Amino acid sequence: MTTTEPDVILRLSNVVKDFPGVRALDGVELEVRAGEVHCLLGQNGAGKSTLIKVLAGVHKADAGTVEWLGEPVSFANPQAAMKAGIATIYQELDLVDDMSVAENVFLGHEPRKFGFVLPGQAARNTTTILRRLGHAEVPPRRLVRALPNAGKQLVSMARALSHEAKLIIMDEPSAVLAHDEVANLFRIIRDLTAQGIAVVYISHRLEEIREIGDRVTVLRDGQTSAVNLPARTTPTRDLVSRMTGRNIEYVFPPRPETERGELLLEVENLSRDNEFHDVSLKVHGGEIVGIAGLVGSGRSELLETIFGARRADSGSITMSGKPLRGSVATAVRAGLGMAPEERKSQALLLGEPVYRNMTLTTFSRIARFGFTDADREQRESMAVADQLELRPRDVRRSVSTLSGGNQQKVVVGRWLLGGTKLLILDEPTRGVDIGARAELYQVIRQLTAQGVGVLLVSSEVPEVLGLADRVLVMREGRVVRQADAGQLTEDDVLDLVMAGSLDTSGEEAA
Amino acid sequence: MTALTTTGWWRDESREPLRRNLGLIGVLVALFGIGAIIRPDLYGDPQWVVDNTLVILQQAAAIGVVTVGMTFVIIGGGIDLSVGALIALAGVWSTTVATQSFGAGGMIFTAIIVGVLAGLVNGVLIAYGRLVPFIATLAMLVAARGLAAQISGKQTQVSNDQFINGLASSKVLGIPSLVLVLLAVAGLGWVLLNRTTFGRRTVAIGGNQEAARLAGINVRRHTMLLYALSGLCCGIAAIMLTSLATSSQAAAAELYELDAIAAAIIGGTLLSGGRGTVTGSLIGVVVFATITNLFAIANLPTEVQNMVKGGIIVFAVLVQQLKFKSVKQLLTRT
Amino acid sequence: MTALTTTGWWRDESREPLRRNLGLIGVLVALFGIGAIIRPDLYGDPQWVVDNTLVILQQAAAIGVVTVGMTFVIIGGGIDLSVGALIALAGVWSTTVATQSFGAGGMIFTAIIVGVLAGLVNGVLIAYGRLVPFIATLAMLVAARGLAAQISGKQTQVSNDQFINGLASSKVLGIPSLVLVLLAVAGLGWVLLNRTTFGRRTVAIGGNQEAARLAGINVRRHTMLLYALSGLCCGIAAIMLTSLATSSQAAAAELYELDAIAAAIIGGTLLSGGRGTVTGSLIGVVVFATITNLFAIANLPTEVQNMVKGGIIVFAVLVQQLKFKSVKQLLTRT
Amino acid sequence: TSNETPSGNAQTKGPDAGNPNAAPGKKITIGFSAPAADHGWIAAITNNAKAQAATYSDVTFKQVEAGKDAAAQRAVLETLIAEKPDVIVLLPHDGKELNAFGLKAMNAGIPVVNLDRAFPDALAYRCQIKGDNYGMGVAAGHYIGKALKAKNIASPIIGEIAGMDELELTQERSQGFKAALATYGFTVANRRAARFTADTGQKEAQNLLQALPKMDALWNHDDDQGIGVLAAINAASRNEFLMVGGAGSKKAIEDIAGDKSVLKATVTYSPSMASSAISLARLIGQNKGMADLVELQVPKEVILASETITKENAQTYLKLGF
Ligand SMILES: Nc1ncnc2c1ncn2[C@@H]1O[C@H](COP(=O)(O)OP(=O)(O)OP(=O)(O)O)[C@@H](O)[C@H]1O
Ligand SMILES: Nc1ncnc2c1ncn2[C@@H]1O[C@H](COP(=O)(O)OP(=O)(O)OP(=O)(O)O)[C@@H](O)[C@H]1O
Ligand SMILES: [Mg+2]
Ligand SMILES: [Mg+2]
């Protein structure tokens, strides 16, 4: 029995968690002090989310001890953890779409009198919290369904703050946030730590960890490969090698000096009410066109419209000279492929094995006379899994048991199979770890080398600039700048997207 | 835009249910119009129209009460196929000679207790035994009808209690008592769903069970209570039916489960859970009762009735959808 | 890696369904054991046991065919409440005097066409009219029974065709023809679900409709086809029932929808879609047929029968779950 | 009258010249309601009522459909009262459940002729005409008892396929059957309940045959479901027993006359009672009595005897088959 330092509020030792067939945590150590930002680093599938779910009372550890405020604890359910002062923002947004913002924030601990909810008080309290979060304009009675992703993340955060927490766990909160929102998030975190509240922060973006973190614990294959490293000073090379066991620099593959190919996609004056206006763009074979912009600037809607999943109000889309008439099936037949933004709701069959998810668009082509060929599907999926370093590398496993980042790889991998001529990627690296990210970039480049055109949306400006050949900057549904990637710097882009940035939801609340 | 600033405590619901309900009310008006065309003599008489409306509401009363409970169960992500059987069981149990000897109070008490307990059994099987709701309540359907047949010896049991028998024909302020019971249950249901933690948690569990669990809601206990609530409604409905028929039997309330589910869905409740309104369900019940009433007035043969009814159901749902989608959108969406 | 090399073409299914099925087979064995205890005289006679097994299978035949169609619909994220009504409609239509004059071929053709067309109407309403499947097929249930009553004048229509009437009593290689029909339909269904693009699309649509749409699958057309497939199964089942009863009537196949859905779910099909097996559904059907058979052998009165049946259903599902969860896990999970 | 031409095979009795009641009297309206079942017997009831009414030039026939249960029937009856008929002929879903309606109509001065399913309360009807469910079971029991005694079978194995078990009438039939068999010292070895349809009859029969590999006699309550029962028996190639039917459908009577199957007899429960009910209603409405009786008014109660149709008398009954 060691005497804990007074300021250590949480100590995990030798925590083990088994899932059928996988040991997700295999003797993890963690120590969190009051008022610090403790970062968790690790590849996709390293066990970060599992670890915090053990802390939050969602999973029970199979072995090991958890000490909270000096007492050994084992939370039986999430409520117990919350009562003890641990609040969690989960990686998958766990909100109830058909309830209002305020109801979501206070779900499970509603302000009430004799069992009657007090909607007015809930709304007022929600507004107070939202103001603290810098978003007083979000109407607390608006249905969560109607909010953009960033708004939903905000609600998750408000929910965590609505508890009297001593420790707040944030599992990749920045994944769905754009640049300015991340800055806002950091302001809030500093606020919290100033009050002595500890934060466990998970992210795949090293620069964020440098900026906000105090200490870092690195997980690898369910084990702690490094504890309590100083967040600002530990060299990147060290961190990456502790995570991956390899040396990977966060680099983009070089742009090849090849001629760009024939014109594939041509979009002219495309508009949809209240979403985007007069967008024109061209994508050639062998080139990557990136679209930068803030969350809510209408990029996802644009991509979905091009792909035929939404119907344009005006404008035209042609692929290889032939007009596309708004249906996904025709778009796919014309050689388009899209990895949508929300993997769980838009892309994955959670009950199905990985290979069936990967071949979702190609199984008909692999089939002969309408009969599917499972062997070939598995072989081809396995090749993609190798290419993307899927972890664990078993394509017959149910995709629901994969970690978030690995699920994303499956979605992207889907379009690496079959004869896609133009690939539309909406936030393809959201939640993907550094190592796999580099692989993914490599793969995208390889595809362009084979003549495929890529249309890419990312909220990470460096990614757009580093990967794309040409960049479009969108603001409030309009393209405000179009240039070769080399002619733009990160600051240019940020200036463009922020310039006179009107917060649309703020306008509504007025 | 202004809607957001003028938030009264009753205004925080989304507008979509309202529009759906308007669609259904349109259907009701259309049914009335058809009646007026077929039988101008009757519909021309205001007194008759008022009486007939009360008759429709009275016929909607028992199934309406059940539908309120069903609405909660469906919003909470479940389904209850046993409601008809529970009504029969509660009705038969409360009209046994032994129970009747305790008078109206004893009968009402028995019906409600039987309903709640059977509902609890459903709830325990589903929440703690982790049976699929469809199967658990189907098993209860079969078993409860069997038990009701056993208790009643397959005889129709006549109620001799004057209070119970008189209930159905009594009126308060010109409104039939059973209609008042329905209004009371519906009102309580509305408050429960929209103004209490119980209701909000029901929506949360049906909308996203995992999220509800992570938010610290005791999903299992709550699920169990939902089925008990449905059982309670069945107990109340059993008394109402006994009063209407001055008797009870094991075959009573047959296929009420389908009627109640259909009314809830037509009223805008999502079968997959997480969304629904008590008001919508009630209007759904009234629409079905009005259709039946109109058929009786038009004196259609049963087989034609059924064919037309199928058409009306489809039409009613299409009308609801047209309320907020243009025809063009309807046809062109991929 | 090595796992990949051992994949035969029949092996790529996940193991969970297999375990569930083992649970159900355990239930079947238990039922057999109970029979042997109650009536050792009968169960001791091997010839009787074989005959009885064939009887059970023959009774499972028509409902089994319907359940195969239902399994596809449910896996595809829908539900078909109209199957019983479609069987009645197809049966009645194919036994009208006019149709019978075309002989067995004409009758079979009519039943199948009626089934498929009615299924297509369901499919169009759901896929293109965007009606909730529950409501659309409920409307079809009501309408089809009405039409069947209209066509038959509510009379039992006797089949005079020797081929149709003889089908049910004929055997091929000692196996009743109807059982062979069931095996053929189930076999085709298994191949369709597990080995064809049609089946894969069904699973994809039921598992995540939006993902299927974004993957380029024509969700609407496929959904429509699923209901047509269910209608086709109803047409086949109608002929089987006509052959068994040498007649058809508007009230035939009552509540087959509940039986088929229950069999599919007990067999491991997820009511919310995306998962299910033909084999599981078939075993589910056989379990129900065996229960009914056992009740007859044990000479239980109807009411006791129903009470016991409810219990057996619950027990069967619990057994399935216990196969892969320990009791402790069952009790401690929140 | 306002009715369409009745279908050809209805059981009616036209005016015969010698009967003083045959002459047209006061014009009256008869309201009629029977449950909507898609079952042959009920269909015949409605048909017969309609057809019988059509034979009278002084009767207006007003039929209302009764829907699927007692509650629905009560609702349409309310609309019927509003039409102010002179007499109501009512076959209720359930006599006990609709007793209150009978009282209400009688109080409103509309005489009610209660058809088949009896109101428990004598104040609820002016006249009751019904079949004899218990007697039907008794008739079947006696036929089987005598036949087996004649064959000298000491402890016979007897099966029974009942109709919808939750109906009281089914219970009464089974009780009568049991009681009659008891007088011979016989009991029912196995009893299954079908649902008045051929497909359920087939299913229950097939299982029953399995349970009783050897059987001496079988009573099936209803000839409509009997089509399925016979199909199951034929399919199993069983003929070691004799079978008795119930109700008296045309097909059953033909089968008995043909003597090619195990079906040797059927005990009647004739839908002709609907025709008679209309005739009685007309007399009540016109304030007349039954010509053959001394009384000046129609009696309060008429109970049909259940007759046994065998090969010998089948030809006489053929015209009454429905
Ligand atoms: N419910 C589950 N059932 C089975 N295996 C699971 C389950 N949840 C997680 N796993 C497995 O546990 C391991 C750790 O997953 P976890 O989600 O904790 O990773 P992570 O570090 O959060 O990754 P990411 O950065 O991609 O979110 C993975 O191999 C994953 O496949
Ligand atoms: N379901 C919805 N209901 C109402 N408004 C919505 C909905 N989805 C998105 N919007 C609105 O549409 C606009 C564009 O949203 P979206 O977040 O998809 O843009 P984006 O540029 O793709 O951003 P992201 O980086 O999050 O993908 C936003 O103003 C958002 O509020
Ligand atoms: Mg994670
Ligand atoms: Mg987007």
Side-chain angles (χ1 to χ4, degrees), chain B residues 79 81-82 85 125 128-136 138-154 213 218-220 250 255 257-258 261-262 265-266 270-272 301-318 321 325 330-331 333-334, chain C residues 79 81-82 85 125 128-136 138-154 213 218-220 250 255 257-258 261-262 265-266 270-272 301-318 321 325 330-331 333-334:
Chain B
I79 195 144
L81 296 182
S82 69
L125 286 176
Y128 297 92
R130 289 207 271 145
L131 261 65
V132 211
F134 190 96
I135 293 291
L138 182 69
M140 177 57 84
L141 185 175
V142 179
R145 287 236 182 253
L147 184 55
Q150 176 84 339
I151 291 175
S152 65
K154 298 170 201 165
R213 201 166 74 87
N218 190 335
V219 173
R220 298 180 145 201
L255 296 190
E257 49 277 8
L258 281 189
I261 298 171
I265 294 182
I266 259 204
L270 266 195
L271 191 53
S272 49
T302 328
E303 59 273 24
V304 180
Q305 242 179 54
N306 285 342
M307 287 187 274
V308 176
K309 188 172 174 185
I312 293 183
I313 296 175
V314 168
F315 174 77
V317 181
L318 283 178
Q321 293 182 343
K325 301 262 177 207
L330 202 76
L331 295 176
R333 187 174 165 272
T334 41
Chain C
I79 196 142
L81 296 182
S82 69
L125 285 177
Y128 297 92
R130 289 205 274 145
L131 261 65
V132 209
F134 190 95
I135 293 291
L138 181 69
M140 176 59 85
L141 184 174
V142 178
R145 287 236 182 251
L147 184 56
Q150 176 84 342
I151 291 174
S152 66
K154 302 178 196 168
R213 196 167 77 88
N218 190 334
V219 173
R220 296 180 148 202
L255 296 189
E257 51 277 5
L258 280 188
I261 298 171
I265 293 181
I266 258 204
L270 265 195
L271 192 53
S272 50
T302 324
E303 61 275 19
V304 180
Q305 212 171 291
N306 284 341
M307 287 186 274
V308 176
K309 188 171 173 185
I312 294 183
I313 296 176
V314 169
F315 174 76
V317 181
L318 284 178
Q321 292 181 346
K325 300 266 177 204
L330 205 75
L331 293 177
R333 187 172 167 273
T334 40

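Because the structure is a prediction, the values reported are computed rather than measured. Residue numbering restarts at 1 for every chain, and letters A, B, ... go by the order of the sequence lines.
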remark   = Counting heavy-atom pairs under 4.5 Å with chain C, the top scorer among I261(B), L270(B), L138(B) is I261(B)

task = Using a cut-off of under 4.5 Å on heavy-atom pairs, state which of L255(B), I265(B), I313(B), L271(B) scores highest against chain C.
result = I265(B)

query = Given the options G146(C), A139(C), A262(C), which has more heavy-atom pairs under 4.5 Å with chain B than any of the others?
reply = G146(C)

[X] versus chain B, the contacting section by heavy-atom distance below 4.5 Å:
| X | result |
| --- | --- |
| L131(C) | both |
| L147(C) | both |
| V132(C) | side chain |
| I312(C) | neither |

key: Considering all heavy atoms, the nearest G310(C)-A143(B) contact   = CA-CB, 4.2 Å

ask   = Mind checking what makes side chain to side chain contact (heavy atoms under 4.5 Å, CB included) contact with A144(B), not counting sequence neighbours?
value = A85(B), L86(B), L89(B), M140(B)

task = Check side-chain hydrogen bond (donor to acceptor under 3.5 Å, both in side chains) between E257(C) and all other residues, then give those that pass, not counting sequence neighbours.
result = none

